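One structure, as structure tokens, below. Some questions next.
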Amino acid sequence: MRLLILFFIVFTTCSDAESFTINIVETYEGHTEQISIENIYTQLYAPLKIIPKLVYYPSKRGLRLVNQGVFDAEAGRFELTAKHYPNLIKVNEPLDVFHSGFYCLNKEDCNIAANTNIVILSSFQSAPAFCESSKLRCRFESKPIAIVRMLEKGIAQAFLSSTIESNKVLCALQTDKLYFHNEPTLARLSYHFVNKRHVLLVPKLEHSMRQLKQKGLLPNTKVDSTPRHASCGKDVIAV
């Protein structure tokens with residue numbers, strides 16, 4: 001009986017050690033920086049002797065699964081978004097800063113004023129409140145190709161997006177030149193979150209993250225840093 005119990009404990013411990021799943025928002029699957037994103041999480045967990053399994057799920061569904069403990073960690077989220085999920089524990093060292101702004105086909109279209117027609121990806125959770133406060137006419141679309149058509153046909157004057165999530169739209173546009181108007185009030189720090197059962201990993205992850213920053217593998221996390229665009233090599237001009 002003692003041997004059976006010992007076997008069960010060892011087997012359970014090994015299984016837990018071998019299985020650690022991190023959810024990444026599905027918009028990053030097929031992203032131009034997907035390989036580098038996956039490499040960061042692999043290196044982040046390497047000092048903890050954990051080889052994470054990376055999965056891609058829709059925004060809210062992924063958060064629910066991490067909150068329920070089906071998955072072990074959430075790759076990166078804004079603090080405001082994660083606060084609605086009580087079982088998520090924040091790794092206090094910021095992971096990245098996400099800039100957002102308006103992408104336009106024509107320079108003059110980036111002069112954003114009240115009642116301007118804007119198109120936005122449905123996954124941009126903080127956009128509805130921003131549109132309401134700015135009195136913009138915002139339309140939300142789940143498919144990047146629908147946004148491309150609206151921009152190219154002039155139905156929408158600009159595309160509002162975080163710089164990191166914009167690639168599936170920008171890369172599908174016919175033009176090689178775009179204009180970008182940064183919206184500083186939408187800059188947000190992103191944090192890594194783990195399910196509460198992994199709370200003891202948090203200090204180790206914070207230390208590992210600081211080491212990655214020292215090596216230059218993670219970017220500057222100052223809110224006033226210069227936006228970086230993942231745009232398939234297209235020329236994005238700040239206005």
Side-chain angles (χ1 to χ4, degrees), residues 13-83 85 87-100 121 123-125 161-168 187-223 225 227-230:
T13 303
C14 291
S15 297
D16 289 343
E18 292 172 0
S19 177
F20 194 98
T21 304
I22 300 175
N23 177 61
I24 303 175
V25 181
E26 68 172 355
T27 52
Y28 293 117
E29 190 169 22
H31 194 284
T32 53
E33 296 186 1
Q34 180 179 346
I35 293 175
S36 62
I37 290 170
E38 293 180 350
N39 183 52
I40 284 172
Y41 289 105
T42 299
Q43 294 196 53
L44 177 63
Y45 278 84
L48 284 64
K49 301 189 184 307
I50 293 174
I51 301 175
K53 175 184 177 183
L54 305 175
V55 296
Y56 294 83
Y57 275 74
S59 181
K60 291 183 179 179
R61 185 182 174 194
L63 279 171
R64 285 199 305 269
L65 291 171
V66 179
N67 189 61
Q68 293 166 1
V70 177
F71 298 150
D72 300 281
E74 179 67 29
R77 292 285 180 157
F78 301 143
E79 192 170 14
L80 184 63
T81 301
K83 77 172 186 177
Y85 300 85
N87 295 329
L88 269 60
I89 304 297
K90 183 178 73 171
V91 176
N92 285 310
E93 185 70 25
L95 178 68
D96 201 352
V97 57
F98 283 74
H99 293 281
S100 297
L121 278 168
S123 58
F124 197 160
Q125 295 184 22
S161 173
S162 69
T163 56
I164 195 69
E165 290 186 310
S166 63
N167 76 307
K168 288 188 176 180
R188 299 285 187 275
L189 289 172
S190 175
Y191 295 89
H192 186 53
F193 289 84
V194 297
N195 182 274
K196 66 180 182 180
R197 71 177 185 272
H198 299 300
V199 65
L200 295 180
L201 295 181
V202 169
K204 298 177 183 179
L205 287 168
E206 290 171 354
H207 178 69
S208 180
M209 203 169 291
R210 286 191 289 268
Q211 288 186 319
L212 292 183
K213 289 181 179 180
Q214 289 174 1
K215 295 176 182 177
L217 298 175
L218 280 176
N220 181 353
T221 50
K222 293 182 179 179
V223 174
S225 60
R228 296 172 291 112
H229 305 275

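It should be emphasised that the depicted structure is a prediction, and the values quoted were computed from it without experimental measurement.
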Exercise for the section: For the residue pair Y45 and H192, categorise the inter-ring angle as parallel (less than 30°), tilted (30 to 60°) or perpendicular (more than 60°). Expected result: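 Perpendicular, since the angle between the ring planes exceeds 60°.
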Exercise for the section: Quick one: list whatever passes side-chain contact (heavy atoms from CB on, under 4.5 Å) with K83, sequence neighbours left out. Expected result: L80
Fill in the blank from the handout: Rounded to the nearest 0.5 Å, the CD1 atom of I50 sits from the CG atom of L44 at a distance of 9.5 Å
Problem - Taking every non-hydrogen atom, the tightest pair across G76 and L95 - result: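 Taking G76 first and L95 second, the nearest heavy atoms are CA-CD2, 4.0 Å.
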Handout entry: Trace of the side-chain contact (heavy atoms from CB on, under 4.5 Å) decision for Q43 with L217
Key = CA-CA 9 Å; Q43 294 196 53; L217 298 175; 3.2 Å; yes
Handout entry: All ring-ring contact (aromatic ring centres under 6.0 Å, His included) counterparts of F98, not counting sequence neighbours
Key = F78
Fill in the blank from the handout: Looking only at heavy atoms, the pair that brings K213 and P94 closest together is NZ-O, 2.7 Å
Problem - Listed partners of F124 passing ring-ring contact (aromatic ring centres under 6.0 Å, His included), at least two apart - result: none
Practice task
Give a yes or no on whether a salt bridge exists between D96 and R188, defined as a side-chain N under 4.0 angstrom from a carboxylate O.
Solution key: no
Practice task
Taking the side chain as every heavy atom from C-beta outward, state whether L189 and E79 have any atom pair closer than 4.5 Å.
Solution key: no
Handout entry: Nearest heavy atoms of L218 and M209, plus distance in Å
Key =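 Looking at all heavy atoms of both residues, the closest pair is CD1-CG, 3.4 Å.
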Fill in the blank from the handout: By side-chain contact (heavy atoms from CB on, under 4.5 Å), N195 pairs with (sequence neighbours left out) N87, R197, H198
Practice task
Using modelled atom types only, decide if a donor and an acceptor are shared between the side chain of S190 and the backbone of V97 within a distance under 3.5 Å.
Solution key: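 Not at all, since once roles are kept as given, no pair shorter than 3.5 Å links the two residues.
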Fill in the blank from the handout: Note: D72 and S19 closest approach over all heavy atoms is OD2-O, 3.9 Å
Exercise for the section: Could you give me the CA-CA distance, side-chain angles and deciding distance for V91 and F193, then say whether side-chain contact (heavy atoms from CB on, under 4.5 Å) is met? Expected result: CA-CA 6 Å; V91 176; F193 289 84; over 6 Å; no
Problem - Contacts of Y191 that satisfy ring-ring contact (aromatic ring centres under 6.0 Å, His included) - sequence neighbours left out - result: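 Partners of Y191 by the ring-ring contact (aromatic ring centres under 6.0 Å, His included) criterion come out as none, since no residue qualifies.
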Handout entry: Atom pair OG1 (T21) and CG (L54), whose distance is rounded to the nearest 0.5 Å
Key = 8.5 Å
Completion exercise
In this structure, NZ of K53 is separated from CG of N23 (nearest 0.5 Å) by 11.5 Å
Exercise for the section: To the nearest 0.5 angstrom, please state how far the CD atom of E29 sits from the OH atom of Y56. Expected result: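 Spacing of CD (E29) from OH (Y56) equals 6.5 Å.
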Exercise for the section: Please identify each residue that fulfils side chain to side chain donor-acceptor pair (under 3.5 Å) with S166, with sequence neighbours left out. Expected result: Y103
What side-chain donor-acceptor pairs closer than 3.5 Å can you find for residues 200-207, not counting sequence neighbours?
unit_1	atom_1	unit_2	atom_2	d
E206	OE2	N92	N	3.0
E206	OE2	N92	ND2	3.3
H207	NE2	Q211	NE2	3.4

Check: residues 59-66 side-chain donor-acceptor pairs under 3.5 Å, at least two apart:
unit_1	atom_1	unit_2	atom_2	d
S59	OG	R77	NH1	2.8
S59	OG	Q125	NE2	2.8

Handout entry: From L48 atom CG to F20 atom CZ, the distance as rounded to the nearest 0.5 Å
Key = 8.5 Å
Exercise for the section: Please name all residues satisfying side-chain contact (heavy atoms from CB on, under 4.5 Å) with A75, sequence neighbours left out, ordered by chain then number. Expected result: I22, I24, Y41
Practice task
Return the set of residues passing side chain to side chain donor-acceptor pair (under 3.5 Å) with Q68 (not counting sequence neighbours), or none when no residue passes.
Solution key: none
Problem - K168: side chain to side chain donor-acceptor pair (under 3.5 Å) partners, not counting sequence neighbours - result: none
Practice task
Identify, with sequence neighbours excluded, every residue that meets side-chain contact (heavy atoms from CB on, under 4.5 Å) alongside S123.
Solution key: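 Per chain and number, S123 pairs via side-chain contact (heavy atoms from CB on, under 4.5 Å) with T27, L121, E165.
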